[in-house]
Amino acid sequence: MSFKKNWFDYIIGTVISIVLCIILATFLNAQCVLYQIGKYETVFIVCVVFAGIYTIYKILHCCFEKWGSRLFQISGRSKMLWEIFCVLSLFSGAVLIRCYRYLHCFTELYGTKEFYEAAIIREGMEIPKMVHGASYLYTGVLSVIFSFLGNKQSAGIVLQAVLQLAGILFLYLAVRTLLGRAEAVISMAVMSFFPVSLQNGFTLTPQNLYFFLFAGIFFFLSCCRKALQAPQAGGCVKFLLPLLTGIFTGYMIYLDIAGTLLFIAAFYILLDRGEKKGNLPVAVILTAACLFSLFFLFLFQSFYHGEPLIQTVLAWLKLYFPPVFSYRIAAPDVTIAGSVAVCIGSAWYAIGFWSEKGARGSLYALSVLLLLLFVFFTEPVMDCSLLTLFYWSVLAAAGITGMSGWERREQSLPAHNSGNGQRKKKKKNRKKTEEKAEKETGREYGMEIEIKDMDDGENKNKIRFIENPLPLPKKHVKKTMGYRFEPEEEGMKYDIETKENDDFDLK
């Protein structure tokens with residue numbers, strides 16, 4: 001994804017910074033009131049905590065910049081092996097801790113039992129009609145499970161655990177594609193072990209089913225992003241993927257209004273900021289498909305229940321906009337410690353946003369703001385704590401990696417063993433280095449080297465020419481020998497006349 005800042009990113013960064021300051025101050029004020037600390041002391045503590053968060057960020061940032069070079073020089077293969085080890089360890093730990101809590105800590109279901117009572121298989125009883133789509137779908141799924149395994153609470157808990165763990169894996173893969181491997185591992189750790197996630201595993205509510213569907217479509221969006229960026233992507237792919245995305249997001253909005261987060265994510269992911277030429281058709285197809293899907297589902301519900309379409313739509317809107325609001329904060333966790341820890345990581349994201357050039361995580365910052373707005377001014381029919389934890393965790397992970405400089409080092413260092421594209425790039429860079437070294441060597445000996453690339457189509461049969469540094473031999477000129485004076489003909493006799501019987505004996 002493109003991480004260049006624009007005016008909208010600056011607005012999001014400003015608002016999320018203000019909201020984080022308010023939330024942290026609210027948590028600290030609640031603790032000070034609990035321990036009966038005065039208001040002036042509370043203001044002093046809040047200022048000290050804010051200064052401490054900024055100081056710790058700068059200290060850790062400087063330490064990573066100075067001594068973290070060895071950590072970032074690991075080969076691509078080693079990084080992949082470490083990533084696989086961390087993911088398998090986290091997933092195994094998530095499974096084991098849920099099994100342990102079920103065997104040793106579970107006594108009864110948390111929260112309401114209305115969905116369990118509605119899904120129990122009874123003779124002559126049907127699933128009650130519900131306006132809320134996610135609740136009706138979850139009751140039907142739970143009823144099907146009970147029909148196979150019996151009316152047991154343990155069957156519903158196993159279903160919750162499977163849906164939750166599968167959703168965590170889907171979100172890990174999506175965040176890894178869209179943001180980075182370090183952010184994906186950190187967010188997976190938060191989603192696997194925070195108390196709010198463990199508590200929701202033992203509550204029979206439609207939240208885990210909705211979370212699973214949400215995560216699956218989010219992963220589908222990340223795959224669409226890769227498919228649209230491929231050079232061989234044709235017009236059919238660019239039409240079909242936004243169409244399917246719009247249909248899926250429309251269905252998620254029908255199930256619960258929190259599906260609007262998926263619609264915003266689809267706009268962020270599928271529309272390329274750097275390429276404005278193909279954005280308008282994708283946006284039109286996505287919006288039209290989403291509205292058509294939503295309209296068709298409302299029409300089917302009105303026909304199924306025998307009610308007018310307008311009455312069905314108004315009943316759906318009344319679920320989320322009652323006359324009395326709740327005025328709650330969408331905190332990351334049910335515990336103060338977990339919420340403060342995630343908020344500190346998110347505060348590091350806000351500091352990094354104003355310190356760095358990029359705008360990493362703007363999608364997740366916008367989603368957190370919308371969740372806060374939605375929970376504060378409306379009365380959610382379904383608890384959205386898992387979605388809230390997901391977006392907060394990714395925002396905190398982006399803050400941690402921004403503080404450590406991980407994403408900058410990942411972009412600056414060459415990838416090892418990362419595919420044919422990286423190998424070709426390394427080969428090309430090595431070729432340029434060798435040519436540069438040859439030119440410098442030639443200059444040292446006082447000669448200019450003209451290098452012609454033999455890989456080009458025009459110069460395929462040509463070779464490299466090097467100018468001869470030695471002096472060339474002079475052209476041969478035929479000469480006739482002469483003398484200063486011409487001798488007479490008599491003087492031109494050089495033979496000595498001897499007698500025939502003379503054998504040159506000395507006497």
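Both backbone and side-chain heavy atoms feed into the values below; hydrogens, waters and symmetry mates do not.
Gln301 places no side-chain N or O within donor-acceptor distance of the main-chain N or O of Thr312, the cut-off being under 3.5 Å. In this structure a side-chain-to-backbone donor-acceptor pair under 3.5 Å is present from Ser147 to Val144. Side-chain atoms of Thr287 come within 3.5 Å of backbone atoms of Ala283 as a donor-acceptor pair (strictly under, hydrogens ignored). Using modelled atom types, no side-chain atom of Ser293 and backbone atom of Ala289 make a donor-acceptor pair closer than 3.5 Å. For Trp348 (side chain) and Ile53 (main-chain N/O), a donor-acceptor pair under 3.5 Å exists by modelled atom type. Not a single donor-acceptor pair under 3.5 Å links the side chain of Tyr391 to the backbone N or O of Leu366. Within the 3.5 Å criterion, the main-chain N or O of Val131 finds no donor-acceptor partner in the side chain of Ser135. No donor-acceptor distance shorter than 3.5 angstrom exists from the side chain of Asn29 to the backbone of Ala25, with no hydrogens or angles considered. At least one donor-acceptor pair closer than 3.5 Å links the side chain of Ser339 to the backbone N or O of Asp333. Tyr57 places no side-chain N or O within donor-acceptor distance of the main-chain N or O of Ile400, the cut-off being under 3.5 Å.
The aromatic rings of Phe214 and Phe218 lie parallel to each other, with less than 30° between the two planes, well short of the 60° mark. Using a 30° and 60° split on the angle between ring planes, Tyr349 and Phe353 fall in the tilted class, from 30° to 60°. By the 30° and 60° cut-offs, the orientation of the rings of Tyr254 relative to Phe298 is perpendicular. Taking the six-membered ring for Trp and thresholds of 30 and 60 degrees, Trp82 and Phe85 have ring planes more than 60 degrees apart, a perpendicular arrangement. Between Phe220 and Phe248, the ring planes are perpendicular. Angles over 60° get that label, and only those under 30° would be called parallel. Using cut-offs of 30° and 60° on the angle between ring planes, the pair Tyr138 and Phe115 is perpendicular. Between His132 and Tyr320, the ring planes lie perpendicular to each other; the angle is over 60°, past the 30° to 60° tilted range.
Every side-chain contact (heavy atoms from CB on, under 4.5 Å) that Gln153 has, sequence neighbours left out, goes to Phe106, Leu109, Lys113, Tyr116. Remark: Glu114 pairs with no residue by the salt bridge (Lys or Arg N to Asp or Glu O under 4.0 Å) rule, at least two apart or across chains. Scored by the salt bridge (Lys or Arg N to Asp or Glu O under 4.0 Å) test, Arg98 finds no partners at all (sequence neighbours excluded).
The shortest side-chain heavy-atom distance between Asp383 and Thr205 does not fall under the 4.5 Å cut-off. A heavy-atom distance below 4.5 Å is not found between the side chains of Asn200 and Gln160. The shortest side-chain heavy-atom distance between Leu386 and Val196 does not fall under the 4.5 Å cut-off. The shortest distance between side-chain heavy atoms of Thr388 and Trp392 falls below 4.5 Å. Residues Phe146 and Val141 fail the side-chain proximity criterion, which asks for heavy atoms closer than 4.5 Å. Counting heavy atoms from C-beta on, the side chains of Ile168 and Ser192 come closer than 4.5 Å. With contacts defined as side-chain heavy-atom distances shorter than 4.5 Å, the pair Val162/Asn208 does not qualify. The closest side-chain heavy-atom distance from Pro206 to Leu137 is not below 4.5 Å.
In this structure, CG in Leu240 is found 9.0 Å from OG1 in Thr245, a value given to the nearest 0.5 Å. If you take OG on Ser89 and CZ on Phe91, they are separated by 12.5 Å, rounding to the nearest 0.5 Å. Distance check: Phe27 CZ to Ile344 CD1 gives 11.0 Å after rounding to the nearest 0.5 Å. Here Ser362 contributes atom OG and Ile11 contributes atom CD1; the two are 11.5 Å apart, rounded to the nearest 0.5 Å. Atoms CG and CG, from Leu314 and Leu309 in turn, are 9.5 Å apart once rounded to the nearest 0.5 Å. The distance from atom CZ of Phe390 to atom CG of Leu261, rounded to the nearest 0.5 Å, is 10.0 Å.
Checked by atom type, the side-chain pair Ser197/Gln164 shows a donor-acceptor distance below 3.5 Å. Between the side chains of Gln207 and Ser385, at least one donor N or O lies within less than 3.5 Å of an accepting N or O.
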Practice problem: Could you give me the CA-CA distance, side-chain angles and deciding distance for Tyr54 and Phe50, then say whether ring pair (Phe, Tyr, Trp, His ring centres under 6.0 Å) is met? | Solution: CA-CA 6 Å; Tyr54 182 79; Phe50 284 177; over 10 Å; no

Quiz item: After noting the C-alpha distance and the side-chain angles of Ser302 and Glu307, does the key distance pass the side chain to side chain donor-acceptor pair (under 3.5 Å) rule?
Solution: CA-CA 5 Å; Ser302 64; Glu307 299 175 352; over 6 Å; no

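Residues Arg176 and Glu83 are paired through a salt bridge, judged by an N-O separation under 4.0 Å between the basic side chain and the carboxylate.
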